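Remember, it's a predicted structure, so these values are computed and weren't measured experimentally. Position 1 is the first residue of the sequence, and the numbers go up from there.
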Amino acid sequence: MHIVVASKNPVKIDAAKRGFERVFSDVEVVVEGVKVGSEVSDQPVTDKESREGAISRVRNARQAEQNADYWVGIESGVEKLGKQYGDFTWVAIGNRESKIGTARSACFILPMQANEYLERGEELSVVGDVLFKGTASGSEHGMIGKLTGGVIDRTDYTVEAVVLALIPFINAELYTEE
């Protein structure tokens, strides 16, 4: 099974691979990344914008690399929840028939110190590097890894959303087009 991830970020590529391998354990999964745009802000600041970014990534990856079984878009976002921001990730998956499945990760609350950076338009990876002195990179363990003391890293955090976004494909009879 050939999967194209709409990113060159190794965390996103590994999360997609691991999620597909969980669901399709009897098939060899080959994953490659392709750099495409999301058509949303560099740091989406609403749930809606993050989901739209993931879906746009799927469509753009499909245009960039048409020879695949599935295309995966992963877009991290934040949204103000009261006085603080919540952090989450949307995953969109498209197949050859142009069906798209989406799912969102769990959400966790960021420290108040993140507010001033996010409100200036900084990306979350930059915020994490500032708060944790350059050790919370989005291409490694991420903010979630630092905040949980390594109990959950960014890849683990994203794998479950990949599996959830595959639900319409593994239950096609329940998810028919209307």
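The only member of Ile74, Thr155, Val31, Val4 that meets side-chain contact (heavy atoms from CB on, under 4.5 Å) when paired with Ile13 is Val31.
Tracing side-chain contacts under 4.5 Å through hydrophobic residues (I, L, V, M, F, W, Y), one never reaches Leu81 starting from Leu124; they form parts of separate clusters. Both Met143 and Phe88 sit in one connected hydrophobic cluster of ILVMFWY residues. Membership requires side-chain heavy atoms under 4.5 Å apart, directly or through other members. Placement of Val40 and Val58 in two distinct hydrophobic clusters is found when ILVMFWY residues are connected by side-chain heavy-atom separations under 4.5 Å, directly or transitively.
Between Phe24 and Tyr70, the closest side-chain pair of non-hydrogen atoms falls below 4.5 Å. Residues Val30 and Ile3 form no side-chain contact, since every pair of their non-hydrogen atoms from C-beta on lies 4.5 Å or further apart.
Across every non-hydrogen atom of Leu164 and Arg104, the tightest pair is CD1-O, 4.4 Å.
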For this session: Test Arg22 against Lys17 for side chain to side chain contact (heavy atoms under 4.5 Å, CB included), laying out the working first.
Result: CA-CA 9 Å; Arg22 279 191 191 173; Lys17 182 172 179 51; over 6 Å; no

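In terms of the salt bridge (Lys or Arg N to Asp or Glu O under 4.0 Å) criterion, Lys35 has no residue partners (sequence neighbours excluded).
Counting only N and O atoms by type, the side chains of Arg18 and Thr158 include no donor and acceptor under 3.5 Å apart. With no hydrogens or angles considered, a side-chain donor-acceptor pair links Trp90 and Asp47 at under 3.5 Å. Side-chain contact of Glu75 with Thr89: a donor-acceptor pair under 3.5 Å is absent, judged by distance alone. Asn115 and Gln84 share no side-chain donor-acceptor pair at under 3.5 Å.
When the shell of 6.0 Å around NZ of Lys80 is examined, it contains more than 12 heavy atoms from other residues, nucleotides or ligands.
Ring centers of Tyr175 and Phe169: at least 6.0 Å apart, outside the cut-off.
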